[in-house]
Amino acid sequence: MIEELENILERYRKKGGNIIALLQDTQESLGYIPRMAVRFFSEELGIAASRFYGVATFYSQFRLKPVGRHKITACCGTACHVRGAEKIIGGLRKELALPAGEDTTPDGEFTLEEVACLGTCSFAPVVMVDGGVRGKTSADVIVKEIKAIRKKPDEG
Ligand code: FES
């Protein structure tokens, strides 16, 4: 991981970049922004770690925890909310046994992400499973898909 961080730092220095770009590169490479990456950049650049955390927590695009192998994105925008998004999210959280305040299962298999609008409101309620859009869906349909994913043999 250090080698990757050094490459990111090199690009940052060459471009005279900013903290946002540095964090974006880190997340793109590693999937999230690990604590050790913040420590590394902080020491190398002489910038307080709190400045990195300030930016990372201000923008919702940044993740400070690893993402699960499978990503479920549930829309909770107005159109989806009106059509039962809350019930879907509740059903998915229950199926995934997500502890309060957590969005990734302890085994690292699934992350449930909530977003404001997926831009396909006419298909509300909308959920994405590993990048595939499921419109006019329900908790039952997505739970079935989660179960099917769990049954699939590992492809790694
Ligand atoms: S509100 Fe859900 S797709 Fe727009």
Side-chain angles (χ1 to χ4, degrees), residues 1 4-5 7-8 11-12 15 17-38 41 47 49-156:
M1 187 191 289
E4 191 59 46
L5 295 178
N7 290 338
I8 293 168
R11 288 199 296 271
Y12 171 89
K15 286 193 247 165
N18 57 41
I19 289 180
I20 294 176
L22 184 76
L23 294 177
Q24 279 171 334
D25 274 8
T26 306
Q27 182 156 298
E28 208 175 293
S29 295
L30 307 173
Y32 74 111
I33 300 159
R35 202 179 297 196
M36 73 92 66
V38 171
F41 294 136
I47 297 172
S50 60
R51 282 195 51 206
F52 292 97
Y53 286 117
V55 173
T57 53
F58 182 80
Y59 295 101
S60 61
Q61 73 184 95
F62 292 121
R63 294 189 56 87
L64 295 169
K65 291 181 191 170
V67 188
R69 278 197 334 129
H70 301 281
K71 194 158 132 190
I72 299 169
T73 308
C75 180
C76 45
T78 307
C80 292
H81 176 76
V82 167
R83 295 186 180 265
E86 227 167 272
K87 198 173 162 201
I88 292 177
I89 292 166
L92 298 181
R93 290 193 67 84
K94 189 174 168 205
E95 172 62 26
L96 297 171
L98 287 171
E102 293 295 329
D103 62 3
T104 300
T105 54
D107 62 3
E109 283 297 300
F110 293 93
T111 290
L112 175 63
E113 176 185 62
E114 295 175 32
V115 295
C117 178
L118 286 167
T120 51
C121 309
S122 55
F123 296 104
V126 182
V127 174
M128 282 173 74
V129 179
D130 286 334
V133 177
R134 314 292 185 253
K136 298 188 191 249
T137 193
S138 67
D140 287 351
V141 167
I142 305 298
V143 163
K144 263 187 206 153
E145 206 166 334
I146 290 170
K147 286 182 174 162
I149 290 171
R150 281 185 179 134
K151 277 187 195 156
K152 263 195 218 162
D154 258 350
E155 293 153 10

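Each ligand, and each atom within it, is numbered from 1 in the order the structure gives. The first residue in the sequence is number 1, and the count goes up from there. Keep in mind the model is a prediction, meaning the values are calculated, not measured.
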Out of all atoms in ligand 1, which are within 4.0 Å of some heavy atom of Gly119? Include the element for each.
3 (S)

Side chain to side chain contact (heavy atoms under 4.5 Å, CB included) for Phe52 and Ile33? Distances and angles first, verdict last.
CA-CA 10 Å; Phe52 292 97; Ile33 300 159; over 6 Å; no

Is it true that Thr105 and Asp107 share a donor-acceptor pair across their side chains at a distance under 3.5 Å?
yes

Which is closest to atom 2 (Fe) of ligand 1 by heavy-atom distance: Ala74, Gly135, Cys80?
Cys80

Which of the atoms of ligand 1 are close to Cys121, meaning less than 4.0 Å from one of its heavy atoms?
1 (S), 3 (S), 4 (Fe)

I'd like the name of whichever of Val115, Val127, Leu118 reaches closest to atom 3 (S) of ligand 1 through any heavy atom.
Leu118

Counting only heavy atoms from other residues, nucleotides and ligands, does the tally under 6.0 Å from CD of Glu86 exceed 12?
no

Which of the ligand 1 atoms, numbered from 1, are nearer than 4.0 Å to a heavy atom of Ala79
1 (S)

Indicate yes or no for a side-chain donor-acceptor contact from Arg150 to the backbone of Glu145 under 3.5 Å, with no hydrogens or angles considered.
no

Pair Arg63 + Asp103, salt bridge at N-O below 4.0 Å
yes

Is atom 4 (Fe) of ligand 1 less than 2.8 Å from an N/O/S atom of Cys75, whether that atom is in the backbone or a side chain?
no

